[in-house]
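Working notes, structure below.
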Amino acid sequence: MKYEKFQAPKGVREYLPPESTAFEWVREQLISPARLAGYQLMELPVFEDTNLFSRGVGESTDVVSKEMYTFEDRGGRSITLRPEGTAGVMRAVIEANLDRGQLPVKVWYSGQYFRAERPQAGRYRQFYQVGIEAIGLDDPAIDAEVIAIADRGFKNLGLKKYSLQITSLGDAASRAAHRADLVKYFATLSLDEVTQARAALNPLRLFDDKRPEMIEAMKSAPILLDYLSKEAAENFEKVQSYLKNLGIAFEINPRMVRGLDYYTGTTFEFVHSELGAQSGIGGGGRYDGLMEILGGQPLSGIGFGLGVDRALLAAIAENTVPQSAFTSDLFIIPLGENSRSDALRIAEQLRAAKIRTEIAFGDRALKGAMKAADKSGARYVIVLGDAEISSETVELKRMTDGSTKSVKIAQLANELQRALITD
RNA sequence: GUGGGCGUAGCUCAGCUGGUAGAGCACUCGGUUGUGGUCCGAGAUGUCGCGGGUUCGAGCCCCGUCGCUCACCCCA
């Protein structure tokens, strides 16, 4: 009787050895700048009350209207697997009253997110993001710092073929004035029903329409940047000057539209040129009303989410991933049943001394075990048989040149530590 | 959700106009008794994604299904 095999659910991306090493590296490079800037970890649930997202992210977004993994739990609650990170962070900050303490609240997070889309290059149903949020202060210098942290993450990866686009969605007054004129402008166009519906939900979305005739039609549409209030315009100017001073290249893209409704003010996106259709490797922006909408104080915040999967694809495309598979310092080959126990004990002691140690398991011939040691990339090898155990001495073999040296087992840790430094 | 391409050994793939499967790499063992990387030799492995149909006969044709992939859409 043979059992049927299982497959991973559709659209999930898994990282197995040896590739997982690269994934781990990318994630670390992306988030380390945030740690260095004083952002602290927030570890949150992957599922939340469905309303948190429909209210926070916005009903008009595709993310909420057709991409959420929503189900009822055993208590009859409507639960949704998180499609993005910011709403959950806000909920936790409000719930724990972190916004009553010193501001800004600076946090980072990392984990998987879920959207029920058709899978594609760089687009998965479960994907990984790292992100940060700086909550509670509306200071353009924070905007610049947040962008700089994201940019440093990509620089850490060695990426070059990416660009930063920024714009400002202004404050409430700016958007209201613009929206009125935009709707008037749409009336002069003959839009099909679907497009009209999108425009009704969020007029800005038409700027993202990729059909040639729409791109043409939107060319003379009023631009939000021209409607910024004096204060919003000044803020945006400051952000730009800070970025210039930081030496971070950017271009202003007044037609940029983000997929989440909560964005206001400074908004940005990192785009990589070698990734095909799914080119966004990260993005974020300020969200003035989000916290209040979610039942908290009317505080502003800004943050970003960076795509770990896509950043990895970008690093692969630019060939910047280091070849750093795990290699051990010492490979122990026990010969015969008697030496197994000693091999385990010696390995344990060496690891306690931070020496990376592997053991050849199973009943392989010595030749096969040596081969395994060689392939593992181990720098030294010892064979442990009856003779070695009774003499308490092993031949420490250096794999690079095959040379050996007699070493007392008790002295192995010291000897290896010395040898590994001078090598 | 819509459309195109694909699905053969662990991996990369070949398999001509239908006649019941191969290569390279990897893997295991060996080249005399306890020392790797080269070389030589030997060996194991597939319900040809799954289900149904056409046919004397299907990996090759048809339908369905699952998955992968690319694009639309959308976004990380």
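The sequence lines fix the lettering, A, B, ..., with proteins before strands; numbering per chain opens at 1.
Taking atom CG of A/Asn338 as the reference point, atom P of B/G34 lies 17 Å away to the nearest angstrom. One interatomic measurement links the two molecules: CD of A/Glu19 to C1' of B/C11, which rounds to 14 Å at whole-angstrom precision. Residue A/Glu358 contributes atom CD, which lies 15 Å from atom C1' of B/G36 at whole-angstrom precision. One atom, CG of A/Leu335, and another, P of B/G34, lie 9 Å apart when rounded to the nearest Å. Between the CD atom of A/Glu14 and the P atom of B/C68 there is a distance of 10 Å, given to the nearest Å.
Nucleotides B/G36 and B/U32 are separated by 12 Å at their P atoms, to the nearest Å. Distance check on atom C1': B/A58 versus B/G19 gives 9 Å, rounded to whole Å. Nucleotides B/G3 and B/U55 are separated by 31 Å at their P atoms, to the nearest Å. Taking atom P in both B/C16 and B/U8, the straight-line distance is 15 Å, to the nearest Å. Across the P atoms, B/C60 and B/U47 are found 15 Å apart, a figure rounded to whole Å. Separation of the C1' atoms belonging to B/G57 and B/G18 is 8 Å when rounded to the nearest angstrom. The C1' atoms of B/G37 and B/C75 are separated by 48 Å, rounded to the nearest whole Å. For B/A23 and B/C62, the C1' atoms lie 31 Å apart once the distance is rounded to whole Å.
Taking only distance into account, the side chain of A/Lys367 meets the base of B/G31 through a donor-acceptor pair shorter than 3.5 Å. In terms of polar N and O atoms assigned as donor or acceptor, the side chain of A/Asp374 comes within less than 3.5 Å of the base of B/G36 in a complementary pairing.
Scanning for side-chain hydrogen bond (donor to acceptor under 3.5 Å, both in side chains) contacts around A/Tyr227 gives A/Asp181, with sequence neighbours left out. For A/Thr264, the side-chain hydrogen bond (donor to acceptor under 3.5 Å, both in side chains) partners at least two apart in sequence or on another chain are A/Asp288. Applying the side-chain contact (heavy atoms from CB on, under 4.5 Å) criterion to A/Asp386, with sequence neighbours excluded, gives A/Asn338. Checked against salt bridge (charged side-chain N to carboxylate O under 4.0 Å, His left out), A/Lys405 has the following partners two or more places apart in sequence or in another chain: A/Glu415. For A/Arg310, the salt bridge (charged side-chain N to carboxylate O under 4.0 Å, His left out) criterion is met by no residue, not counting sequence neighbours.
Sorted by first and then second residue, the pairs that involve residues 40-49 of chain A and meet side chain to side chain donor-acceptor pair (under 3.5 Å), not counting sequence neighbours, are A/Glu48-A/Arg91. Residues in residues 248-257 of chain A take part in these side chain to side chain donor-acceptor pair (under 3.5 Å) pairs, two or more places apart or across chains: A/Gln165-A/Asn253. Annotation: ring pair (Phe, Tyr, Trp, His ring centres under 6.0 Å) contacts involving residues 134-158 of chain A, sequence neighbours excluded, comprise A/Phe154-A/Tyr162, A/Phe154-A/Phe270.
Put simply, the side chain of A/Arg82 gets close to the backbone of A/Gln112: a donor and an acceptor are under 3.5 Å apart. Between the side chain of A/Ser391 and the backbone N or O of A/Ala387, at least one donor-acceptor pair lies under 3.5 Å. In terms of modelled atom types and a separation under 3.5 Å, the side chain of A/Gln126 and the main chain of A/Glu14 share no donor-acceptor contact.
Listed nucleotides B/G30, B/U35, B/C68 differ in distance to A/Lys10; the shortest reach to its side chain belongs to B/C68.
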Produce the list of close N/O pairs, under 3.5 Å, pairing protein atoms with atoms of nucleotides 73-76 of chain B; give distances to one decimal.
from, atom 1, to, atom 2, distance (Å)
B/C73, N3, A/Arg123, NH1, 2.7
B/C73, N4, A/Gln120, OE1, 3.0
B/C73, N4, A/Arg123, NH1, 3.2
B/C73, N4, A/Gln278, NE2, 2.8
B/C74, OP1, A/Arg198, NH1, 3.0
B/C74, OP1, A/Arg198, NH2, 2.3
B/C74, O2', A/Glu67, OE2, 3.4
B/C74, O2, A/Glu117, OE2, 3.4
B/C74, O2, A/Arg123, NH1, 3.0
B/C74, N3, A/Gln278, OE1, 3.2
B/C75, OP1, A/Gly259, N, 3.4
B/C75, OP1, A/Gly259, O, 3.4
B/C75, OP2, A/Asp208, OD2, 3.3
B/C75, O3', A/Arg115, NH1, 3.3
B/C75, O2', A/Arg115, NH1, 2.9
B/C75, O2, A/Gln278, OE1, 3.3
B/C75, O2, A/Arg310, NH1, 2.5
B/C75, O2, A/Arg310, NH2, 2.8
B/A76, OP1, A/Arg258, NH2, 3.2
B/A76, OP2, A/Arg258, NH1, 3.2
B/A76, OP2, A/Arg258, NH2, 3.0
B/A76, O4', A/Gln129, NE2, 2.8
B/A76, O3', A/Gly280, O, 3.1
B/A76, O3', A/Gly282, N, 3.0
B/A76, O2', A/Gly280, O, 2.9
B/A76, N7, A/Arg115, NH1, 3.4
B/A76, N6, A/Glu117, OE1, 2.9
B/A76, N6, A/Tyr124, O, 3.4
B/A76, N1, A/Tyr124, N, 3.1

Nucleotides 25-27 of chain B: which of its N/O atoms have a protein N/O under 3.5 Å away?
from, atom 1, to, atom 2, distance (Å)
B/C27, OP1, A/Lys375, NZ, 2.3
B/C27, OP2, A/Lys375, NZ, 3.3

Paired and unpaired positions of RNA chain B as dot-bracket, Watson-Crick or G-U wobble under 3.5 Å, | denoting a partner strand: (((((((..((((........)))).(((((.......))))).....(((((.......))))))))))))....
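Side-chain polar atoms of A/Ser339 and A/Asp342 form no donor-acceptor pair below 3.5 angstrom. A donor atom on one side chain and an acceptor atom on the other are found under 3.5 Å apart for A/Tyr109 and A/Glu133.
Within residues 384-391 of chain A, the residues that place at least one heavy atom under 4.0 Å from RNA chain B are, in residue-number order, A/Ala387, A/Glu388.
Using a 4.0 Å heavy-atom cutoff across all strands shown, A/Gly11 reaches sugar-phosphate atoms only and no base atom. At a threshold of 4.0 angstrom between heavy atoms, the contacts of A/Ala121 are confined to the sugar-phosphate backbone, with no base atom among them.
No more than 12 heavy-atom neighbours from other residues, nucleotides or ligands sit within 6.0 angstrom of CD on A/Glu392.
The aromatic rings of A/Tyr113 and A/Phe127 are tilted relative to each other, their planes meeting at an angle between 30° and 60°.
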